[in-house]
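The block underneath contains the structure these notes are about, expressed in structure tokens.
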Amino acid sequence: MSSIPDTSTRTRSERLFRHAAKLIPGGVNSPARAFGAVGGTPPFMKRGDGAYLYDVDGNRFIDYIGSWGPHLFGHRHPVILQAIQAALEIGTSFGAPTEAEAELAQCVIEMVPSIEMVRMVNSGTEATMSAIRVARGFTNRAGIVKFAGCYHGHVDSLLVSAGSGALTLGCPSSPGVPAGCTADTLVLPYNDCESLRTAFEKNGDRLAAVILEPVVGNMGCVVPSQEFLSELRRLCDQYGTVLIFDEVMTGFRVAAGGAQELFGIRPDMTTLGKIIGAGMPVGAYGGRADIMECVSPVGKVYQAGTLSGNPVAMAAGIAMLGLIRDQNPYPRLDAMGAKLAEGFRAAAASANIPVQINRVGSMLTAFLTSTPVVDLASATSSDTARFGRWFHGMLNRGVYLPCSQFEAMFVSAVHSDEDIAATLASAKAAFADLNG
Ligand code: HOZ
């Protein structure tokens, strides 16, 4: 079709990738982006603008990664740029308190009602690592429950049956993590109330925390059942276990108050990242005041960081949360997500390719399987080799999707109806190619 671009020439990217691979492990600073699961060379990006990314070979891609979530309003939104520029004029880091830290904390607390106090850190990994430590300090217990296929950053105690790059690259439990670090980690299947009840009956009294992605992004998009979330809340209450929602991906993405607002479940603690930094490196953890008061210097659970609450990152986050409040992007994000989901289903059906589209608002994944995907076992029933071919079919037609079956794609508020139509035209052609 003439309206579908050809973005298959990427010679400069190939050269840069070869060069980078001599200097950086795998040529990348985070494994998920290395194209390990789909093969080929990742385009090296030169700039982003709105819904688009431009690579070093001059190709333009419609971007559905959005830096793995944070670009809810696309690249270089003027309000966010202005806030960052103004902050830069004043200084890049002080290692001392600033007014902006309390301003962002206040925004977070107002938008996510289960968070009564919050601590800023620099990444999602730091947020989950710290939340686990605080939950252990608060309960004076060691045990934690995580779910197979959920990914909470590269925290030692949580790098067991992990999703995202760990799953993509076939090392869901990493070498280098001593057995002692994971001895207190219990791994359960997602969405399985029966296993949950059994685990609590046997171990409830020694469980400090349960941590989960309340909508999973890191084994691809997997939707929780309401029963699963309600049962989690009930059991944590019964046994005095801290319920931690890892909303690094879903926070401010699936609703202004995150997945906890959407599903009406109040966790004890929440971890955040991505969107609160608007593309700058920020994470946060927060929750009930009695738990957060365990954190140093009020309490004895130690956690610190020179760059935590960095003024440039705080300015970006304040601007982002302001945009969300002013614009309420969620109805439009949901409508575009639905259009993509329906279009992908129809495109796959027209080529007789079995597909499961999982979606919550603007987060979605096309799993190439005929099995409904509700947990890790069903996610891994997908035909990942076929996914790789579909992925490249999309990339070569100017659509930039996550380079793994086990990641979610993200729609932004600046994707236009034309972008969605162009994406679906590419999807139809790319599915048809799979029969060639
Ligand atoms: N952990 C991120 C996706 N779930 C990917 C990080 C990256 O490669 O930037």
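Atoms considered below: every heavy atom in the structure, side chains included; atoms not considered: hydrogens, waters and symmetry mates. For ligands, and for the atoms within them, numbers begin at 1 and follow the listed sequence. Starting from 1, each residue takes its place in the sequence as its number.
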Does any non-hydrogen side-chain atom of I144 lie less than 4.5 Å from one of I211?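 A side-chain contact is absent here, since even the closest heavy-atom pair is not under 4.5 Å.
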
Measuring from R233:CZ to F245:CZ, what's the distance to the nearest 0.5 Å? 8.0 Å

Which ligand 1 atoms are under 4.0 Å away from a heavy-atom of [X]?
| X | answer |
| --- | --- |
| M249 | 4 (N) |
| E407 | 3 (C), 4 (N) |
| A32 | 5 (C), 8 (O) |

Tell me, which protein residue and heavy-atom name are nearest [atom], and how many Å apart are they?
| atom | answer |
| --- | --- |
| atom 1 (N) of ligand 1 | S164 OG, 3.5 Å |
| atom 9 (O) of ligand 1 | R33 NH2, 2.7 Å |
| atom 4 (N) of ligand 1 | N218 OD1, 2.7 Å |
| atom 6 (C) of ligand 1 | S30 OG, 3.5 Å |

When you compare ligand 1 with W68, is there at least one nitrogen or oxygen pair between them that comes in under 3.5 angstrom?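 It does: an N or O of W68 is found under 3.5 Å from an N or O of ligand 1.
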
Any idea how Y52 and Y54 line up, ring-wise: parallel (<30°), tilted (30 to 60°), or perpendicular (>60°)? perpendicular

Strictly below 4.0 Å, N to O, side chains only: are D57 and R15 in salt-bridge contact? no

H415 versus D63, closest heavy-atom pair with distance: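 Looking at all heavy atoms of both residues, the shortest contact is NE2-O, 2.8 Å.
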
Looking at every heavy atom in both C236 and V210, which two are closest together, and how far apart are they?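 The pair with the smallest heavy-atom distance is SG-CG2, 3.9 Å.
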
Between N358 and T365, is there a side-chain donor-acceptor contact under 3.5 Å, judged purely by atom types and distance?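 There is no such pair (donor and acceptor under 3.5 Å, judged by atom type) between the side chains of T365 and N358.
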
Examine the proximity of ligand 1 to V28 and report which part, side chain or backbone, both or neither, has a heavy atom under 4.0 Å away.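 The answer is neither.
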
